[in-house]
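These notes concern the structure reproduced below.
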Amino acid sequence: MTSPDELPRWATKIAVLLREDLAPWQALNVTSFLVSGIVATGTELVGEPYEDADGTRYLPMIRQPVLVLAGPVSC
């Protein structure tokens, strides 16, 4: 098991702020849309394709942490 001192430190993070009154499907849709646009701007944001111990292959994933926050709508 990895100790907290051995965890990677990220110089950057992706943060998405959503309206708290969105339906769950809307929040997921907006988050995926926005993050895909951010990731498309830089290949350094995406890791390499990988496979698990059984040999199942997977597409690359985002390397940075993604923070999803919700807050009240203010006028």
Side-chain angles (χ1 to χ4, degrees):
M1 181 157 192
T2 305
S3 73
D5 294 334
E6 297 173 15
L7 296 176
R9 303 287 184 234
W10 302 101
T12 60
K13 295 173 183 64
I14 298 171
V16 178
L17 177 60
L18 302 173
R19 295 170 51 144
E20 67 181 358
D21 63 344
L22 294 176
W25 71 268
Q26 289 172 314
L28 293 169
N29 190 312
V30 169
T31 301
S32 64
F33 178 78
L34 293 173
V35 171
S36 69
I38 293 168
V39 171
T41 65
T43 57
E44 72 279 359
L45 300 175
V46 180
E48 296 295 322
Y50 65 99
E51 64 181 56
D52 62 20
D54 294 329
T56 303
R57 294 181 181 186
Y58 298 93
L59 295 172
M61 295 195 317
I62 300 169
R63 298 176 127 184
Q64 281 72 19
V66 178
L67 309 172
V68 180
L69 311 168
V73 178
S74 60
C75 296

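Count residues from 1 along the sequence.
When all heavy atoms are compared, the tightest approach of Gln64 to Glu44 is NE2-O, 4.3 Å. Minimum interatomic distance between Leu45 and Ile38 (heavy atoms only, all atoms of both residues): CD1-O, 3.4 Å. Closest approach of Gly47 to Arg63, counting heavy atoms only: N-CG, 3.4 Å.
Contact check for Leu69 versus Leu18: no side-chain heavy atoms found under the 4.5 Å cut-off. The shortest side-chain heavy-atom distance between Pro60 and Glu48 does not fall under the 4.5 Å cut-off.
Leu28 and Leu67 are not part of a single hydrophobic cluster, where members link through side-chain heavy atoms under 4.5 Å apart. Cluster annotation: Leu17 and Val30 are assigned to distinct hydrophobic clusters (Ile/Leu/Val/Met/Phe/Trp/Tyr, side-chain heavy-atom contacts under 4.5 Å, transitive).
The local environment of CZ in Phe33 is sparse, with at most 12 non-hydrogen atoms from other residues, nucleotides or ligands closer than 6.0 Å.
Residue Tyr50 holds its OH atom at 13.5 Å from CZ of Arg57, rounded to the nearest 0.5 Å. The line from CD1 of Ile62 to CD1 of Ile14 is 5.0 Å long, rounded to the nearest 0.5 Å.
A donor-acceptor pair under 3.5 Å is absent between the side-chain atoms of Thr56 and the main chain of Asp52, judged by distance alone.
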